[in-house]
Amino acid sequence: MSVRVRFAPSPTGYLHIGGARTALFNWLYARRTGGTFVLRVEDTDAARNSQAAVDVILDGLRWLGLDWDEGPLTAEASSPSKGNRGPYFQSQRKETYARRVEVLLSRGLAYEKDGAVRFKMTRDPVLIRDLVVGDVTRALTDREEVDPDFVIMRSDGSPVFHFVNVVDDLEMGITHVIRGEDHLSNTSKHVALFRAFGTEPPKYAHIPLILNADGSKMSKRDTGAALTYYMENGYAPEAVLNYLCLLGWSPKDGREVIPLKELIADFDLPQILRHNARFDHEKLKWMNGEYLRAMTPDRFYEMSTQTLARAGMDTNRFPAAYVKAALDTCMGKLRIFSELPGYGGFYFTERVELDAEAKTAVSGEAHARLAKLRSAFAELGDFTASGLESTLKDTAKAVGVKNGLMVHPARFACTGRGSGPSLYHLLEVLGRERVLARMDAALKA
RNA sequence: GACCCUAUCGUCCAGCGGUUAGGACACCGCCCUUUCACGGCGGUAACCGGGGUUCGAAUCCCCGUAGGGUCGCCA
């Protein structure tokens with residue numbers, strides 16, 4: 001029997017990073033086994049459901065490159081979807097749930113009370129055979145001892161999560177349920193429901209949760225809890241995907257930066273760890289830097305211009321060759337794109353603002369050196385990196401100072417900062433006009 | 001309150017009865033270098049505690065402790 005897995009998010013308006021990893025693990029398992037990855041939208045809670053909220057999920061999965069074989073084509077619940085086991089929006093499956101409730105009612109496995117339908121839950125401990133956690137025997141809690149039954153359909157006729165989740169997995173032929181460990185305790189309910197329908201439950205794999213750096217639970221408010229944070233802050237999706245994989249799973253050798261193909265080939269359920277992992281933003285940034293360095297120039301330009309545009313710098317106002325040359329000096333130097341406006345933004349502003357540190361760096365003795373350098377540059381016929389370099393070195397020698405004492409003020413004058421791209425290359429890209437203008441401005445400051 | 005899961009450097013992982021407990025991120029030195037990165041070399045740093053089992057436990061068992069999760073007419 002071929003593998004069928006699913007990701008079943010609830011459209012709450014954001015895609016949790018842990019949810020994204022759950023989707024990823026499901027997707028990887030489907031791809032490695034040649035199975036089917038189903039996307040199902042659990043939009044039973046009409047109150048907080050909206051098309052925009054569904055789009056957040058679809059956009060997030062698309063950004064990560066997690067394509068689904070069956071599921072919605074658009075965020076609109078009633079529009080066509082792909083796959084023949086739909087509908088894939090729970091809001092469109094009311095008849096199915098009603099029919100299934102009737103089955104349990106007619107078999108005496110559920111009963112009505114106060115207008116709601118309750119399922120007759122077994123009082124015996126339930127054995128859950130989990131591919132990650134192992135065998136788990138779930139006993140009743142003290143409250144459940146008093147009343148183990150639970151509502152499967154509210155008095156207003158709407159079905160509840162535990163019920164629709166099981167019915168859909170059953171009807172959609174799901175073979176493996178890979179989900180967060182927060183569902184482990186509830187799995188006994190699901191197992192009992194599957195049995196009530198006369199079938200064995202799918203295989204379960206409960207994966208550990210992702211916690212904040214301090215070990216606390218990651219909730220919407222926390223930085224980086226939503227996938228959109230990474231989409232909007234200069235991360236490459238393949239880096240986020242790679243990092244997410246390494247939270248709770250790893251290949252037996254020491255590989256960390258792992259191409260997607262290898263990820264798919266090597267990923268497997270039994271190797272997943274049982275304990276929760278803390279999210280390390282620093283390591284993600286490092287990994288993102290690895291991917292940025294390996295990125296093709298075209299992709300780098302594209303992501304760079306998007307980032308700059310978001311920061312209010314319209315690169316379209318400059319000649320394409322200038323933008324390209326400017327970005328070339330930044331390539332390989334960043335960890336995340338959101339560092340770019342600060343790192344290379346000076347290329348795309350009319351003038352550079354000199355803060356206190358910059359003013360200090362171009363005043364005093366440096367002022368005279370900068371003035372010397374300015375006139376040397378003005379007379380330079382060949383305004384190229386190599387010409388600029390030898391001119392600067394010659395000037396330093398003439399003045400009798402180390403190169404660094406010329407480099408430093410020049411960098412501050414032209415970029416406003418103490419660090420950045422290679423000075424000689426940045427000067428060439430900026431061009432004579434801008435360089436002399438900025439040096440003049442700095443000398444007057 | 002009850003039930004369930006978990007426990008190796010600060011963090012992510014390796015280890016699956018015998019290792020000088022390994023790698024990565026971060027951190028600290030040194031080298032490279034016009035800055036910053038990158039790269040190279042080196043360093044600091046861990047088996048939660050207590051009992052067992054065993055010739056021998058990070059590895060197996062039990063008890064604590066700690067963290068996480070779950071017990072809804074939320075999902």
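Chain letters run A, B, ... following the sequence lines, proteins first and then strands; every chain starts at 1.
- Ranked by how close their nearest RNA chain B nucleotide is to the 5' end, A/G418 and A/L209 are led by A/G418.
- The base of B/rC71 has none of its N or O atoms less than 3.5 Å from a complementary donor or acceptor on the side chain of A/S185.
- Between A/D135 and A/R129 there is a salt bridge, with a side-chain nitrogen of the basic residue lying less than 4.0 Å from a carboxylate oxygen of the acidic one.
- Distances from the side chain of A/R278 to the nucleotides B/rU34, B/rA14, B/rC12 place B/rC12 closest.
- Within 3.5 Å, no donor on the side chain of A/K283 pairs with an acceptor on the base of B/rA26, nor the reverse.
- Using a 4.0 Å heavy-atom distance criterion, A/G180 is classed as making no nucleic acid contact.
- Across all strands, A/E256 comes closer than 4.0 Å to base atoms (heavy-atom distances).
- Remark: the separation of the P atoms in B/rU11 and B/rG68 is 14 Å, to the nearest Å.
- Figure legend. B/rA2 is base-paired to B/rU70; pairs are counted as Watson-Crick or G-U wobble with both atom distances under 3.5 Å.
- The side chain of A/R154 lies closest to B/rC73 when the candidates are B/rU6, B/rC73, B/rC25.
- For A/E144, taking side-chain heavy atoms from C-beta onward, the closest of the listed nucleotides B/rC71, B/rC3, B/rA24 is B/rC71.
- Checking B/rA75, B/rC13, B/rG68 against the side-chain heavy atoms of A/S10 singles out B/rA75 as nearest.
- No hydrogens or angles were tested; on distance alone, nothing pairs the side chain of A/Y243 with the base of B/rC12 as donor and acceptor under 3.5 Å.
- Taking only side-chain nitrogens and oxygens, A/N186 comes nearer than 4.0 Å to OP1 or OP2 of B/rC71.
- Residue contacts shown for A/H206 are absent, as no nucleic acid heavy atom lies under 4.0 Å away.
- Across all strands, A/R417 comes closer than 4.0 Å to no nucleic acid atom at all (heavy-atom distances).
- Here NZ of A/K359 is found 8.5 Å from CD of A/E353. Values are rounded to the nearest 0.5 Å.
- B/rC30 is paired with B/rG40 under the Watson-Crick or G-U wobble criterion, all donor-acceptor distances under 3.5 Å.
- We find that CE of A/M121 is positioned 16 Å from P of B/rC3, with the value rounded to whole Å.
- Nucleotides B/rU54 and B/rC13 have their C1' atoms positioned 29 Å apart, rounded to a whole Å.
- Among the heavy atoms of the strands lying under 4.0 Å from A/A139 are primed sugar atoms or P, OP1, OP2 only; no base atom is included.
- Put simply, CD1 on A/I272 is 14 Å from C1' on B/rC13, counting in whole angstrom units.
- Looking at heavy-atom distances under 4.0 Å, A/L140 makes contact with sugar-phosphate atoms alone, never a base.
- No contact: A/S158 has no heavy atom under 4.0 Å from any strand.
- B/rG23 and B/rC60: their C1' atoms are spaced 26 Å apart (whole Å).
- Between the side chain of A/S216 and the backbone N or O of A/N212, no donor-acceptor pair lies under 3.5 Å.
- Taking every side-chain heavy atom of A/K333 into account, B/rA37 is the closest of B/rA37, B/rC25, B/rU34.
- Out of B/rG69, B/rC25, B/rA75, the shortest distance to the side chain of A/D280 is found at B/rC25.
- Taking 4.0 Å as the cut-off between side-chain N and carboxylate O, A/E339 and A/K285 do not count as a salt-bridged pair.
- Residue-to-nucleotide proximity on RNA chain B shows that, of A/L334 and A/L284, the 5′-proximal contact is made by A/L284.
- Across every strand in view, B/rA7 sits in a pair with B/rU65 that passes the Watson-Crick or G-U test at under 3.5 angstrom.
- Residue A/T141 has its side chain nearest to B/rC3 when only B/rC38, B/rC3, B/rC13 are considered.
- With both pairing distances under 3.5 Å, B/rA46 is matched to nothing as a Watson-Crick or G-U wobble pair.
- Taking atom CG of residue A/L246 and atom C1' of nucleotide B/rC25, one finds them 11 Å apart after rounding to whole Å.
- Distance check on atom C1': B/rA46 versus B/rA7 gives 12 Å, rounded to whole Å.
- One atom, CE of A/M406, and another, P of B/rU35, lie 16 Å apart when rounded to the nearest Å.
- Between A/R123 and A/E144 there is no salt bridge, since no side-chain N of the basic residue sits under 4.0 Å from a carboxylate O of the acidic one.
- Both distances falling under 3.5 Å, in either a Watson-Crick or a G-U wobble arrangement, occur for no nucleotide opposite B/rC16.
- A donor-acceptor contact under 3.5 Å links the side chain of A/D142 to the base of B/rG1.
- One atom, NZ of A/K217, and another, P of B/rG68, lie 10 Å apart when rounded to the nearest Å.
- Note that NE2 of A/H162 is 9.5 Å distant from OG1 of A/T187, once rounded to the nearest 0.5 Å.
- Salt bridge status for A/R118 with A/E112: absent, with no side-chain N to carboxylate O gap under 4.0 Å.
- A/S155 comes within 4.0 angstrom of a nucleotide base, judged by non-hydrogen atoms across all strands.
- Taking atom P in both B/rU8 and B/rC48, the straight-line distance is 6 Å, to the nearest Å.
- Nucleotides B/rG42 and B/rU35 place their C1' atoms 25 Å apart, quoted to the nearest Å.
- Side-chain atoms of A/N233 and A/S338 form no donor-acceptor pair, as typed in the model, at a separation below 3.5 Å.
- Rounded to whole angstrom, the span from the CG atom of A/L184 across to the P atom of B/rU6 amounts to 9 Å.
- Without hydrogens or angle criteria, A/S50 side chain to A/A53 main chain gives a donor-acceptor distance under 3.5 Å.
- Side chain of A/E290, nearest nucleotide from B/rG39, B/rA24, B/rU6: B/rG39.
- Among the protein residues, A/P208 comes within range of no part of the nucleic acid, since none of its heavy atoms lies under 4.0 Å from any strand.
- One C1' atom belongs to B/rA37, the other to B/rU33, and the distance between them is 11 Å to the nearest Å.
- Contacts of A/R274 with the nucleic acid, taken as non-hydrogen atoms under 4.0 Å apart, involve only primed sugar atoms and P, OP1 or OP2.
- Among B/rC73, B/rU35, B/rA24, the nucleotide with an atom closest to any side-chain atom of A/D114 is B/rC73.
- At the phosphate of B/rC74, neither OP1 nor OP2 sits under 4.0 Å from any side-chain N or O atom of A/H162.
- Contact between the side-chain N/O atoms of A/T44 and the OP1/OP2 oxygens of B/rA75 is found at a separation under 4.0 Å.
- Taking atom CG of residue A/L211 and atom C1' of nucleotide B/rA7, one finds them 13 Å apart after rounding to whole Å.
- If you check every strand for non-hydrogen atoms under 4.0 Å, A/G404 touches nothing.
- The backbone N or O of A/G387 lies less than 3.5 Å from no partner atom in the side chain of A/D382, so there is not a single donor-acceptor pair.
- Using a 4.0 Å heavy-atom criterion, one finds that A/Y424 contacts the bases of the nucleic acid, with or without backbone contacts as well.
- Donor-acceptor pairing under 3.5 Å, judged by distance alone, is absent between the side chain of A/K189 and the base of B/rU70.
- The side chain of A/R335 has B/rA26 as its nearest neighbour among B/rA26, B/rU34, B/rU11.
- Comparing the same atom, P, in B/rG49 and in B/rC9 gives a spacing of 11 Å after rounding to whole Å.
- A straight line from CG of A/D182 to P of B/rG68 spans 14 Å, rounded to a whole angstrom.
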